[in-house]
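Every number for a ligand or one of its atoms is a count from 1 in the order of the listing.
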Amino acid sequence: MKKQRRRCKHCKCLLESCPRVPKHDYCNKKECQKARKRDWQKKKMAENVVYCNDQKDAQKLWRENNPDYWKEYRENNPGYTKRNREKQRERNRSLRAKVCRKPDCQPIAKMDTAIAKMDAIGPETAAFSGRYRLIPLTGQMIAKMDALIVEISAISSG
Ligand SMILES: [Zn+2]
């Protein structure tokens with residue numbers, strides 16, 4: 001039988017495959033066989049939505065049956081946990097640096113200006129009656145919770 005020289009699709013090593021098996025594109029290494037399976041699965045998922053959903057269901061089921069998998073994985077791989085924690089810290093940093101752009105979220109500086117303006121008007125005008133937003137502060141950060149709406153009304157006009 002005539003042999004054909006081909007390369008493994010995954011590791012690119014030369015493989016002697018039989019020309020009569022045209023789909024034999026991977027060598028026998030464990031990781032290459034895994035790659036072959038992944039490739040096959042990907043193809044299968046693309047052409048068959050039902051199969052894809054079955055896979056997703058199977059994965060979900062597996063996660064439900066192995067709830068401690070990631071916990072144990074993290075315990076057995078402290079490096080992974082450390083890296084993750086560092087990434088989280090990085091995310092927190094950038095979150096803190098970001099200015100909230102929600103239209104109903106008052107930055108602290110704007111609040112200060114509003115308070116100063118109110119002082120200028122004076123308490124004798126009932127101008128400060130109305131509804132105000134109370135935004136709880138946690139340290140330097142605006143707490144990530146909805147602002148409380150309070151209503152202030154002047155009881156006596158002096
Ligand atoms: Zn290979």
Do you know which of Arg36, Lys29, Glu31 makes side-chain contact (heavy atoms from CB on, under 4.5 Å) with His10?
Glu31

Working to the nearest 0.5 angstrom, can you tell me the gap between Lys12 NZ and Cys32 SG?
9.5 Å

Counting only protein atoms, how many N/O/S atoms are less than 2.8 Å away from the Zn ion (ligand 1)?
4

Could you check if a side-chain atom of Lys42 sits within less than 4.5 angstrom of a side-chain atom of Arg38, using non-hydrogen atoms only?
no

